[in-house]
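Everything quoted here is computed from the prediction, not taken from an experiment. By convention in this document, chain letters (A, B, ...) are assigned in the order of the sequence lines, proteins followed by strands, and residues within each chain are numbered from 1.
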2 protein chains.
Amino acid sequence: MDTTAGHLTPEAVEAWTAMRTLAMAQRGRMVAVAAEAGLSPPQLFALQALTPGEPAPMSNLAGVLRCDASNVTGLIDRLAARGLVERRPAPHDRRIRHLVLTDAGIALRDRVRERLEEPPDGFAALSPAEARRLRDLLRKVAAAGSPRRA
Amino acid sequence: MDTTAGHLTPEAVEAWTAMRTLAMAQRGRMVAVAAEAGLSPPQLFALQALTPGEPAPMSNLAGVLRCDASNVTGLIDRLAARGLVERRPAPHDRRIRHLVLTDAGIALRDRVRERLEEPPDGFAALSPAEARRLRDLLRKVAAAGSPRRA
DNA sequence: TATTGTTATACTCTATAACTATA
DNA sequence: TATAGTTATAGAGTATAACAATA
């Protein structure tokens, strides 16, 4: 398994470094988008992690956010106080509370997502062909990484 | 200005989305590296933002971290208490305090940096030629974005 | 007994506003 | 007057440990 290519070539390290640099430069924009929406960064992550049609247990959200479950309680308390999320009993296990986005939550989530999806200015320097190659290479990396803990 | 290429093509949006997905999947690793070093994520950022030979004013660090200056005081207090950073008076302006990494600070900074530079598993799926193309495309985006607010 | 979620506690991060000491 | 940094304050994020309800 995994004889497809070399591991950790200098080129791969340099590519990863370039990607980290680019991501770091965008940190401020993410914080700004959150602030525009009246959200803290963790609240923004939580809202993005919830899917409209799919109620999910709180423990699930803790897993996605990579934080302790005790943390999610307060996080959801604040989102629920603003009417963005609701807690609902789960059908077959009364210990579990399902999280459901309200209509207001869905609207805010979509509005935030649109802003986050806008590429940084630098992407305008790419031709369509270059953008396509970049997209395909990134998808290849993501696909190869996800099965085994990326 | 900026007639080099198309703006916000669908390919560019898709490339940016792929990159955000990849970056998000690595968030947990960064937190883990910080924890290994006994640092909080902001403390890790601060340590990485300081350059060994170059003393920098605290306001400078606030700019890089994109947080309020009042925040930097406590952040540096904690790093200084652990002997990683020192405050020194600036030569020509006695209002300014220069931040200097100690030897211990430099050692920890380098150790953390090494871990952060390790590419995620998915990069092993790229051939050297592919990694090089990915690196060059990312650098092109970064270079085009940095002069005007990226 | 094990698991889901909450509470209690303690610490860190964060911004705003008021303050100091310089300039 | 303006700027660099601190302090005071308040709120939010974070993990650990102890707990209730349920399985």
Side-chain angles (χ1 to χ4, degrees), chain A residues 27-50 55-82 84-100, chain B residues 24 27-50 54-82 84-100:
Chain A
R27 218 174 63 97
R29 225 191 61 183
M30 192 269 294
V31 173
V33 169
E36 279 173 30
L39 299 169
S40 67
Q43 285 171 352
L44 180 144
F45 285 140
L47 212 60
Q48 294 302 315
L50 296 174
M58 304 192 60
S59 57
N60 193 350
L61 185 56
V64 174
L65 298 180
R66 295 191 168 266
C67 70
D68 193 84
S70 64
N71 219 326
V72 177
T73 299
L75 199 59
I76 295 302
D77 280 349
R78 286 178 277 273
L79 292 178
R82 291 182 48 188
L84 300 172
V85 187
E86 280 177 8
R87 280 183 248 237
R88 296 212 283 185
H92 292 319
D93 190 334
R94 291 196 305 190
R95 293 173 300 181
I96 296 177
R97 326 244 291 186
H98 273 163
L99 299 177
V100 184
Chain B
M24 197 64 81
R27 216 173 65 96
R29 226 190 62 183
M30 192 271 293
V31 173
V33 169
E36 278 174 29
L39 299 169
S40 67
Q43 286 170 351
L44 180 144
F45 284 140
L47 213 59
Q48 295 301 316
L50 295 174
E54 300 175 9
M58 305 194 59
S59 57
N60 193 347
L61 185 56
V64 173
L65 298 180
R66 296 191 168 266
C67 70
D68 192 85
S70 65
N71 218 327
V72 177
T73 299
L75 199 60
I76 295 301
D77 280 349
R78 287 178 277 274
L79 292 178
R82 291 182 47 187
L84 301 172
V85 188
E86 280 177 8
R87 280 182 249 238
R88 296 211 286 185
H92 292 320
D93 190 333
R94 291 196 306 190
R95 293 173 298 181
I96 296 176
R97 324 248 281 178
H98 274 320
L99 299 177
V100 184

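Checking the phosphate oxygens (OP1, OP2) of dG5(D), no side-chain nitrogen or oxygen of Arg87(B) falls inside 4.0 Å. The shortest distance between the side-chain N/O atoms of Ser59(A) and the OP1/OP2 oxygens of dG5(C) is below 4.0 Å. For Arg66(A), no side-chain nitrogen or oxygen approaches OP1 or OP2 of dA15(D) to under 4.0 Å.
A straight line from CE of Met58(A) to C1' of dT7(C) spans 13 Å, rounded to a whole angstrom. The distance from atom CZ of Phe45(B) to atom C1' of dT12(C) is 15 Å, rounded to the nearest whole Å. Taking atom CD1 on Ile76(B) and atom C1' on dT14(C), their separation rounds to 15 Å, with Å as the unit. The nearest whole Å value for the distance from the CG atom in Leu75(B) to the C1' atom in dG13(D) is 15 Å. Rounded to whole angstrom, the span from the CG atom of Leu99(A) across to the P atom of dT4(C) amounts to 14 Å. Separating the CG atom of Asp77(B) from the P atom of dT6(D) is a distance of 7 Å, rounded to the nearest angstrom. In this structure, CG of Leu47(A) is placed 16 Å from P of dA12(D), rounded to the nearest angstrom. Between the CD atom of Glu86(B) and the C1' atom of dG5(D) there is a distance of 18 Å, rounded to whole Å.
For Glu86(B), there are no salt bridge (charged side-chain N to carboxylate O under 4.0 Å, His left out) partners two or more places apart in sequence or in a different chain. Arg95(B) is linked by a salt bridge (charged side-chain N to carboxylate O under 4.0 Å, His left out) to Asp93(B), counting only residues two or more places apart in sequence or in another chain. Take Arg82(B) and apply the salt bridge (charged side-chain N to carboxylate O under 4.0 Å, His left out) test, not counting sequence neighbours, and it matches no residue. A search for side chain to side chain donor-acceptor pair (under 3.5 Å) contacts involving Arg87(A) returns Asp77(A), not counting sequence neighbours.
Here the side chains of Leu99(A) and Leu79(A) are not in contact, with every heavy-atom distance at 4.5 Å or above.
Heavy atoms from other residues, nucleotides or ligands lying under 6.0 Å from CZ of Arg88(A) number 12 at most.
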Produce the list of close N/O pairs, under 3.5 Å, pairing protein atoms with atoms of nucleotides 17-23 of chain D; give distances to one decimal.
| unit_1 | atom_1 | unit_2 | atom_2 | d |
| --- | --- | --- | --- | --- |
| dA23(D) | OP1 | Arg94(A) | N | 2.9 |

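Without hydrogens or angle criteria, Arg66(B) side chain to Arg29(A) main chain gives no donor-acceptor distance under 3.5 Å.
Contact check of residues 30-44 of chain A against DNA chain D (heavy atom, cut-off under 4.0 Å) returns Ser40(A), Pro42(A), Gln43(A).
Of the candidate nucleotides dA15(D), dT12(C), dT6(D), dT12(C) has the atom nearest to the side chain of Arg78(B). Of the candidate nucleotides dG5(C), dG5(D), dA15(D), dA15(D) has the atom nearest to the side chain of Asn71(A).
The heavy-atom pair separating His98(A) from Pro91(A) by the smallest distance is CE1-CD, 4.0 Å.
Atom CD1 in Ile96(B) sits 10.0 Å away from atom CG in Asn60(B) (nearest 0.5 Å).
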